[in-house]
Amino acid sequence: MYGNGLSASAIRTASVTQEPIALSAFTDKATVDPPARTPKWAVISTEDHAVPTAAQKFEAKRVGAHITYTRSGHDVPSISPEAVDRAVVAAANSLR
């Protein structure tokens, strides 16, 4: 369920405003390849029913990302904005 963790009202809104993912998201090649030393960050949602936690963790570890976990459904910025905030602040602080 996409809205796992959202209020009933927010789920209703998302159900009529969200668009399907574009096919190009799966078929287009990346145009930028950041250097391996570029720090990467990932917020992994442990209650996501759209992308399995194990898959999120695999991808994050594969690129060497610093991982922040949150007990959240798929729409992490809406459900668990504090987890996103923590990751962004940690990433910004790492540049000092």
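Atom set for the values below is all heavy atoms of this structure, side chains included, hydrogens, waters and symmetry mates excluded.
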Can you name the closest pair of heavy atoms from S94 and A91 and give their distance?
-> OG-O, 2.6 Å
Would you say S78 and L6 make side-chain contact, with heavy atoms under 4.5 Å?
-> yes
Verify the cluster assignment for V63 and I67: are they in a single hydrophobic cluster under the rule of side-chain heavy atoms below 4.5 Å apart?
-> no
Please confirm whether the backbone N or O of T27 pairs with a side-chain atom of S24, one donor and one acceptor, at under 3.5 Å?
-> no
Within a reach of under 6.0 Å around NZ of K40, are more than 12 heavy atoms found that belong to other residues, nucleotides or ligands?
-> yes
Trace of the side chain to side chain contact (heavy atoms under 4.5 Å, CB included) decision for T70 with V76 | CA-CA 8 Å; T70 183; V76 175; 4.0 Å; yes
Flag yes if W41 and I44 sit in one hydrophobic cluster, no otherwise; membership is Ile, Leu, Val, Met, Phe, Trp, Tyr, and two members link when side-chain heavy atoms are under 4.5 Å apart.
-> no
Closest non-hydrogen atom pair, T46 against R71 = OG1-CA, 3.3 Å
Look at the side chain of T53 and the backbone N and O of S45, then say whether any donor-acceptor pair between them is shorter than 3.5 Å.
-> yes
Kindly give the heavy-atom pair with the smallest separation between T68 and A87, and that separation in Å.
-> OG1-CB, 3.9 Å
Kindly compute the distance separating CD (Q18) from NE2 (H74), expressed to the nearest 0.5 Å.
-> 8.5 Å
ILVMFWY cluster, V51 and Y69 together (side-chain gap under 4.5 Å) = no
